[in-house]
Protein chains: 2
Amino acid sequence: MPENKKYNIEVRVWIEETEGAFLGIGKIWLLENIRKTGSITNAAKEMKMAYRQAWQLVEEMNQRAEKPLVEKLLGGKGGGGAKLTEAGEKAIAVFYEIEKRIKEFAQKETQNLKF
Amino acid sequence: MPENKKYNIEVRVWIEETEGAFLGIGKIWLLENIRKTGSITNAAKEMKMAYRQAWQLVEEMNQRAEKPLVEKLLGGKGGGGAKLTEAGEKAIAVFYEIEKRIKEFAQKETQNLKF
DNA sequence: CATCAGTATTCATTTCAAAACATACTGAAT
DNA sequence: ATTCAGTATGTTTTGAAATGAATACTGATG
């Protein structure tokens, strides 16, 4: 392959736990939207995702993390809502940091991409 | 999150071209099976994949690479077949090399995985 | 004690990509 | 000129995952 075309390396990063995939960019976006909107319902709307799906992802995250990432508030004024725990905030930060480092490394590897 | 659970980082690597994803581990496996079996038909069987799908993947690869990765032989003794071109062989080697480096780097990052 | 908006949960419906099926086409070899 | 196995390509089926719709539950607040 001569080099009139340009190729570049893409990378998808996620965190696994004994039972399988635990935290990837999709769940991170969900966490961020929960932080932004204060509820799973509105986070889901924001992302044009079904509430049911969003709720399940939150369940999954919470069960598989050491400590819940999302605190859910039932009933009360405004019906309740959801907010990130400290662990949730930390998870976002850690994920992005690691993802950034890996993507930067991958970018450097692009120069080895000679067919 | 304290640390009784163990988490680890996973990474998926692929190569993009202007029109989108061009070459990932799935197509690499297909290439390897074509090399091994000498035809798209048998490579597909090996992978329990539909011939049609395998054929389409080969088309896509060939069109988006600078030079075809797979040479297809039509008719003749045994009906024809398919074999890797030099570019195809190179693609496998380059892909694995880059993937290996990125995965090793990602592995090192696991130690930064403190929640 | 009725309201309200969000959580929790079940069940039916849709979507859409992969697989399965069907059918021509190719060309060396006999 | 028939055979044969693989390529080429259109059409139909199917199955899993996402969505949508429906319903009960929660609890602070007025």
Side-chain angles (χ1 to χ4, degrees), chain A residues 12 14 19-65 67-85 87-88, chain B residues 12 14 19-65 67-85 87-88:
Chain A
R12 189 89 150 65
W14 71 96
E19 328 248 326
F22 158 61
L23 191 62
I25 190 64
K27 291 205 190 102
I28 292 292
W29 284 337
L30 178 56
L31 289 178
E32 291 179 304
N33 277 302
I34 288 171
R35 172 168 59 191
K36 178 178 163 194
T37 65
S39 76
I40 298 177
T41 295
N42 289 319
K45 276 176 191 154
E46 197 87 2
M47 303 172 74
K48 290 165 201 278
M49 161 188 284
Y51 167 78
R52 186 190 157 58
Q53 166 81 338
W55 179 87
Q56 280 173 337
L57 292 176
V58 169
E59 274 305 288
E60 206 183 298
M61 274 190 270
N62 278 353
Q63 277 165 23
R64 292 162 104 181
K67 294 174 177 173
L69 305 186
V70 175
E71 182 183 353
K72 290 178 284 181
L73 314 163
L74 246 193
K77 171 192 173 179
K83 54 181 288 198
L84 300 194
T85 61
Chain B
R12 189 89 150 68
W14 71 95
E19 328 247 327
F22 157 61
L23 192 61
I25 189 65
K27 291 207 190 100
I28 292 292
W29 284 337
L30 179 56
L31 290 179
E32 291 180 304
N33 278 303
I34 288 170
R35 172 168 58 191
K36 179 177 162 195
T37 65
S39 76
I40 298 177
T41 295
N42 289 320
K45 276 177 190 155
E46 197 87 1
M47 305 171 74
K48 289 163 202 278
M49 161 188 283
Y51 166 78
R52 190 174 204 301
Q53 165 81 341
W55 179 86
Q56 280 173 341
L57 292 175
V58 169
E59 273 307 287
E60 207 183 296
M61 272 189 272
N62 278 353
Q63 277 165 24
R64 292 161 106 180
K67 293 176 178 172
L69 305 186
V70 176
E71 182 184 354
K72 292 178 285 182
L73 313 165
L74 245 194
K77 171 193 172 179
K83 53 181 289 201
L84 299 194
T85 62

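A, B, ... follow the sequence lines: proteins, then strands. Residue 1 opens every chain. Fair warning: this is a prediction, and the values are worked out from it, not measured in the lab.
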Rounded to the nearest 0.5 Å, what separates atom [atom1] in [X] from atom [atom2] in [Y]?
X	Y	atom1	atom2	value
B:Y51	B:I40	OH	CD1	5.0 Å
B:E60	B:L23	CD	CG	10.0 Å
B:I28	B:M61	CD1	CE	7.5 Å
A:M47	A:Q53	CE	CD	9.5 Å
B:I34	B:N42	CD1	CG	10.5 Å

Interatomic distance, [X] [atom1] vs [N] [atom2] [rounded to whole Å]:
X	N	atom1	atom2	result
A:L57	D:dA17	CG	C1'	12 Å
A:E71	C:dT7	CD	C1'	14 Å
B:K83	D:dT7	NZ	P	14 Å
A:Q56	C:dT10	CD	P	10 Å

**Study point:** Protein proximity profile, nucleotides 11-23 of chain C - base contact B, sugar-phosphate-only contact S, no contact -, cut-off 4.0 Å on heavy atoms
**Key:** B-------SB---

Could you list the protein-to-nucleotides 27-30 of chain D atom pairs, N/O on both sides, closer than 3.5 Å?
| unit_1 | atom_1 | unit_2 | atom_2 | d |
| --- | --- | --- | --- | --- |
| D:dG27 | O4' | A:G76 | N | 3.1 |
| D:dG27 | N2 | A:G76 | O | 3.0 |
| D:dG27 | N3 | A:G76 | N | 2.8 |
| D:dA28 | O4' | A:K77 | N | 3.4 |

**Study point:** For A:W55, side chain to side chain donor-acceptor pair (under 3.5 Å) partners two or more places apart
**Key:** none

Check your understanding: Do the side chain of B:R12 and the main chain of A:W14 share a donor and acceptor less than 3.5 angstrom apart?
Key -> no

Review point. How would you list, by chain and number, every residue that makes a salt bridge (Lys or Arg N to Asp or Glu O under 4.0 Å) with A:E59, sequence neighbours excluded?
Key: A:K72

Practice item. Might you work through the side chain to side chain contact (heavy atoms under 4.5 Å, CB included) test for A:L84 and A:L69, ending with a clear yes or no? Key: CA-CA 6 Å; A:L84 300 194; A:L69 305 186; 6.0 Å; no

Review point. OP1 or OP2 of D:dA8 sitting under 4.0 Å from any side-chain N/O of B:W55?
Key: yes

Check your understanding: So which pairs with a foot in residues 34-51 of chain A pass salt bridge (Lys or Arg N to Asp or Glu O under 4.0 Å), sequence neighbours left out?
Key -> A:R35-A:E89, A:K36-A:E46

Practice item. Run through A:N62, A:L57, A:L30, A:T85 and flag the one making a side-chain contact (heavy atoms from CB on, under 4.5 Å) with A:V70. Key: A:N62

Review point. For DNA chain C, which residues in residues 23-42 of chain B have a heavy atom at a distance below 4.0 Å?
Key: none

